Amino acid sequence: MLTKSLLVALGAACAMLAACTPQAPSAIAAVNDKVYTVTPNAMKVKAGIVVGEVTDMKVTERVEEGSGRIAVPAKLTGKLSLRNISSDQTMRLVGGKISYIDMQGKPIVLEDNRTAPSVQVGATGYGSADRLDPGQASSHSLDAEFPVAALKAKNLKEVRLELAFIPSQFREETLNFTVSIGGQ
């Protein structure tokens, strides 16, 4: 009788262990980057006291292999370099936004579930990346949402970067302190 109950208990324990054993993972479809070239991939422009250059531009989306399902929507990436060419004005970078313009000169809007592309220029404070004194330069990563409609051939005319900055006069002053050492 004891052997029979031991066998029943052992059988129940084996059944419970078999039910708790994790299933073998099903094959996960590979996700690959689909890269769209931007021509030209580098551009230099001047506006007021700022010279801007965007380099290494490309649009990348992540696509599931086999099904063609978009895993990660398209993004525009690159490197934004800014230089203050003024001789007497400091500028504080506030931020910026990116617009995509179609062949008729109208903005191409992003899909409803995506955020408007913007440019972040760093933390605040003296000597940070958001302040450029005369002659100084800074670099920023560009990583912005890209509209699906702009991926179609001959639909995108230009990428517009609207940069907001506050210029202020740069002045150098000399402070002289009259001092004496040890009672002289």
Side-chain angles (χ1 to χ4, degrees), residues 33-61 72-111 114-184:
D33 286 346
K34 184 174 183 181
V35 178
Y36 298 87
T37 59
V38 177
T39 306
N41 76 342
M43 186 70 76
K44 192 173 195 172
V45 293
K46 178 184 173 197
I49 64 170
V50 180
V51 171
E53 183 176 23
V54 181
T55 56
D56 304 324
M57 285 190 293
K58 65 182 176 181
V59 175
T60 307
E61 68 181 346
V72 177
K75 285 190 168 249
L76 173 70
T77 58
K79 179 182 171 188
L80 172 64
S81 299
L82 301 171
R83 176 175 293 281
N84 180 350
I85 59 170
S86 170
S87 62
D88 64 350
Q89 287 187 337
T90 295
M91 59 184 267
R92 181 174 162 259
L93 299 168
V94 178
K97 73 177 197 175
I98 297 173
S99 304
Y100 303 100
I101 309 301
D102 68 11
M103 298 306 278
Q104 288 77 38
K106 297 178 183 169
I108 301 172
V109 294
L110 284 169
E111 299 73 39
R114 301 183 66 200
T115 57
S118 64
V119 177
Q120 302 299 319
V121 289
T124 58
Y126 186 79
S128 67
D130 75 333
R131 175 188 160 131
L132 289 178
D133 290 331
Q136 283 188 324
S138 66
S139 293
H140 311 275
S141 292
L142 187 63
D143 188 11
E145 302 284 345
F146 194 83
V148 172
L151 291 174
K152 296 178 181 139
K154 301 200 189 260
N155 196 22
L156 181 66
K157 179 180 179 181
E158 67 185 38
V159 175
R160 182 175 295 161
L161 172 61
E162 297 176 27
L163 187 63
F165 64 90
I166 302 169
S168 62
Q169 289 293 346
F170 183 83
R171 295 181 53 176
E172 281 190 42
E173 295 288 337
T174 302
L175 301 174
N176 294 319
F177 298 94
T178 305
V179 298
S180 63
I181 303 294
Q184 298 177 13

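On a predicted model such as this, the values are computed, not experimentally measured, just so you know. Along the sequence shown, residues carry numbers from 1.
For V109 against P147, the heavy-atom pair with the smallest separation is O-CB, 3.7 Å. Residues V59 and A74 share a closest heavy-atom pair of CG1-CB, 3.9 Å. In plain terms, the two heavy atoms of E145 and T115 that are nearest each other are CG-O, 3.4 Å. A pairwise comparison of heavy atoms in K79 and S139 identifies CE-OG, 3.5 Å as the closest pair. The two residues M103 and K154 make their nearest non-hydrogen contact at CG-O, 3.3 Å. Contact record, A150 with L156: O-CB, 4.0 Å, taken as the closest heavy-atom pair.
Side-chain contact between V159 and V54: absent, with no pair of heavy atoms (C-beta onward) separated by less than 4.5 Å. Two residues are said to be in side-chain contact when any heavy atoms from C-beta on lie closer than 4.5 Å; L76 and P117 fail this criterion. Looking at heavy atoms from C-beta onward, V45 lies out of side-chain contact with L161 at the 4.5 angstrom threshold.
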Trace of the side chain to side chain contact (heavy atoms under 4.5 Å, CB included) decision for E61 with L151: CA-CA 10 Å; E61 68 181 346; L151 291 174; 4.0 Å; yes

Test side chain to side chain contact (heavy atoms under 4.5 Å, CB included) applied to D133 and N84, step by step: CA-CA 7 Å; D133 290 331; N84 180 350; 5.6 Å; no

Trace of the side chain to side chain contact (heavy atoms under 4.5 Å, CB included) decision for L82 with L163: CA-CA 10 Å; L82 301 171; L163 187 63; 3.8 Å; yes

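In this view, E158 and R160 satisfy the salt bridge (Lys or Arg N to Asp or Glu O under 4.0 Å) rule, not counting sequence neighbours. The side-chain contact (heavy atoms from CB on, under 4.5 Å) check on D143 picks up K75, T77, with sequence neighbours excluded. For the side-chain contact (heavy atoms from CB on, under 4.5 Å) test, residues two or more places apart in sequence or in another chain that qualify with A149 are I108, N155.
The salt bridge (charged side-chain N to carboxylate O under 4.0 Å, His left out) analysis of residues 94-111, with sequence neighbours excluded, yields the pairs E111-R114. Identified under the ring-ring contact (aromatic ring centres under 6.0 Å, His included) test for residues 73-100, with sequence neighbours left out: Y100-F146. Within the structure, no pair that satisfies the salt bridge (charged side-chain N to carboxylate O under 4.0 Å, His left out) test touches residues 34-59, not counting sequence neighbours.
Formation of a donor-acceptor pair under 3.5 Å by the R92 side chain with backbone atoms of F165 is not found in this model.
Taken to the nearest 0.5 Å, the OG1 atom of T90 stands 8.5 Å off from the CD1 atom of I49.
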